[in-house]
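For the numbers below, each heavy atom of this structure counts, side chains included, while hydrogens, waters and symmetry mates do not.
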Amino acid sequence: MGLLSRILSSDFSSDTPQGGLLSRALLYERQPLNFYEWADSYGFSKCGILSPVASSYVLTHALGVDALSVALCLSTDDFIGGIINLEKKEWQTFEGEGLQPFFQLFTDEFTMNVTSLHFLPFDCDGKTYIALVVDSDGKPSVLPEAGNDAFYLLKKVIRTPYPVFNEEAATAACEKGIEQGTGYLYLLSFKLAIDTITGMLSLSNEEIKDKSYKAIMDECFNKAQKLFQSPNSCARGENCEIKTLIYAKDEIDETLLQSHIKKEFSEIFGSFADKIVLLIAGTCPNVKGAVKFLTWG
């Protein structure tokens, strides 16, 4: 099934990692471990990590959180420390009226169905971070027990760069794809969409702004990886771009492709998905050129 067919059917469930005892056990052996692998192993659909940046806490890792909420999720040390006991290294859950102080950190659309917020402070390299798990629509999360195992995995997440391009896997995918058709090269630009969102909030601190941009782009890339699966590929580019490679026997309808990409990413950007730009970069008839496109920049 080609990418366009998958987008049209919106059926990616068979390709999505599922949480379970075996997959969680493998996390202890996995080096490195990124945030999305951690979240998938527990079946979390909405979660994040708040990181200390410039006397504030910023959402630096996000899954299932819209881009505007990622940018909004900025608070002072005093605010967070006044509600969450950062010295208490165990899950702290807020429900009902206890949720109200946190709602200023997210959009109304995001908080509409939130039933619980779970916070777990943990230390890594001399700093205190906070894992966040969100329950919504009355579906409770199964939280890992707060202890050495949980903290060990979260430290691995903090120390793991994301994303890391796997040239060997990309080459194997391209070798498979070239047998199926022509490689079509695209650049997905999210810059205008993110600029518009952050411009509404007047983020003055450049370090905080950079962290918000990266968190949004990481979430976009995690989604893109599920859309552009083998033999298709994607890789992070520069300036809020994702390079994509799609193999197809017939010429791709770019108008239809852009329409469905905007539809898929509306989960992250809402109405700002209209500002996502699909740039056509050409075609490639061989594996070497395709891999070079993905590794360039």
Side-chain angles (χ1 to χ4, degrees), residues 3-4 7 34-36 48-49 51 53-54 56 58-74 105-107 109-110 161-165 170 184-228 232-246 252-284 290 292-297:
L3 169 72
L4 204 55
I7 291 178
N34 71 53
F35 168 72
Y36 298 100
I49 294 179
S51 301
V53 180
S56 300
V58 181
L59 194 64
T60 55
H61 303 67
L63 175 65
V65 183
D66 64 277
L68 183 53
S69 289
V70 171
L72 276 170
C73 196
L74 167 66
L105 304 178
F106 305 97
T107 62
E109 290 77 11
F110 182 81
Y162 179 86
V164 176
F165 182 71
Y184 291 84
L185 314 177
Y186 300 97
L187 290 174
L188 277 177
S189 176
F190 299 89
K191 189 174 190 313
L192 181 58
I194 300 177
D195 281 349
T196 302
I197 288 171
T198 56
M200 294 166 55
L201 305 177
S202 301
L203 298 177
S204 56
N205 184 289
E206 287 301 315
E207 185 179 7
I208 289 175
K209 186 175 181 180
D210 288 346
K211 294 289 187 182
S212 294
Y213 268 67
K214 186 179 187 311
I216 295 169
M217 280 304 302
D218 285 353
E219 189 169 14
C220 289
F221 188 72
N222 178 62
K223 186 170 187 62
Q225 283 189 306
K226 294 178 180 179
L227 291 175
F228 300 99
N232 308 304
S233 299
C234 64
R236 279 283 280 273
E238 297 179 339
N239 207 22
C240 299
E241 292 178 343
I242 295 177
K243 296 172 285 187
T244 62
L245 169 63
I246 306 173
I252 294 176
D253 184 334
E254 273 87 16
T255 301
L256 183 61
L257 176 60
Q258 180 156 1
S259 173
H260 285 286
I261 284 175
K262 288 182 177 180
K263 179 182 177 182
E264 290 297 325
F265 281 95
S266 65
E267 296 177 3
I268 297 174
F269 289 97
S271 61
F272 298 106
D274 286 339
K275 299 186 182 298
I276 298 170
V277 180
L278 176 69
L279 302 171
I280 303 169
T283 59
C284 185
K292 184 176 181 180
F293 167 73
L294 293 171
T295 56
W296 160 77

Side-chain donor/acceptor of E219 to backbone N/O of G64, under 3.5 Å:
yes
Looking at S69 and T107, would you say the former's side chain and the latter's main chain have a donor-acceptor pair under 3.5 Å?
yes
Minimum heavy-atom distance between [X] and [Y], given as atom pair plus value:
X: K209; Y: T198; result: CE-OG1, 4.3 Å
X: S266; Y: A273; result: CA-CB, 3.9 Å
X: G48; Y: L59; result: CA-CD1, 4.1 Å
X: L279; Y: V277; result: CD2-CG1, 3.5 Å
X: I242; Y: M217; result: CG1-CE, 3.9 Å
X: Y36; Y: A215; result: OH-O, 4.4 Å

Measure the spacing between [atom1] of [X] and [atom2] of [Y] and express it to the nearest 0.5 Å.
X: I280; Y: L257; atom1: CD1; atom2: CG; value: 9.0 Å
X: I216; Y: C240; atom1: CD1; atom2: SG; value: 8.5 Å
X: N34; Y: H61; atom1: CG; atom2: NE2; value: 9.0 Å
X: L188; Y: R236; atom1: CG; atom2: CZ; value: 12.5 Å
X: E264; Y: I261; atom1: CD; atom2: CD1; value: 9.0 Å

Please list, chain by chain and in numerical order, all residues satisfying side-chain contact (heavy atoms from CB on, under 4.5 Å) with [X], sequence neighbours excluded.
X: N205; result: A54, E207, I208
X: S259; result: none
X: A235; result: F165, K243, L294

Does some side-chain heavy atom of [Y] sit less than 4.5 Å from a side-chain heavy atom of [X]?
X: V58; Y: C73; result: no
X: Y213; Y: L203; result: no
X: L192; Y: F272; result: no
X: I246; Y: F228; result: yes
X: L74; Y: L105; result: no
X: T244; Y: N232; result: no
X: F35; Y: D218; result: no
X: Y184; Y: C284; result: no

Any side chain to side chain donor-acceptor pair (under 3.5 Å) pairs touching residues 185-194, not counting sequence neighbours?
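Qualifying pairs: Y186-E254, K191-D195.
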By salt bridge (Lys or Arg N to Asp or Glu O under 4.0 Å), D66 pairs with (sequence neighbours left out) none
Quick one, F190 with I268, criterion side chain to side chain contact (heavy atoms under 4.5 Å, CB included). Give me CA distance, side-chain angles, the key distance, then yes/no.
CA-CA 11 Å; F190 299 89; I268 297 174; over 6 Å; no
Full working for side chain to side chain contact (heavy atoms under 4.5 Å, CB included) between L185 and T283
CA-CA 6 Å; L185 314 177; T283 59; 5.8 Å; no
Under the side chain to side chain contact (heavy atoms under 4.5 Å, CB included) rule, what do I49 and S51 come out as? Steps first, then yes or no, please.
CA-CA 6 Å; I49 294 179; S51 301; 4.1 Å; yes
Is a salt bridge present between K214 and D210, judged by a nitrogen-to-oxygen distance below 4.0 Å?
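D210 and K214: not salt-bridged.
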Does anything in residues 265-280 pair up under salt bridge (charged side-chain N to carboxylate O under 4.0 Å, His left out), and if so which pairs, sequence neighbours excluded?
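Pairs touching residues 265-280 that pass the test: K223-E267.
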Step by step, work out the side chain to side chain contact (heavy atoms under 4.5 Å, CB included) result for F106 and L72.
CA-CA 6 Å; F106 305 97; L72 276 170; 5.9 Å; no
Parallel, tilted or perpendicular, as decided by the 30° and 60° cut-offs, for the rings of F221 and Y162:
perpendicular
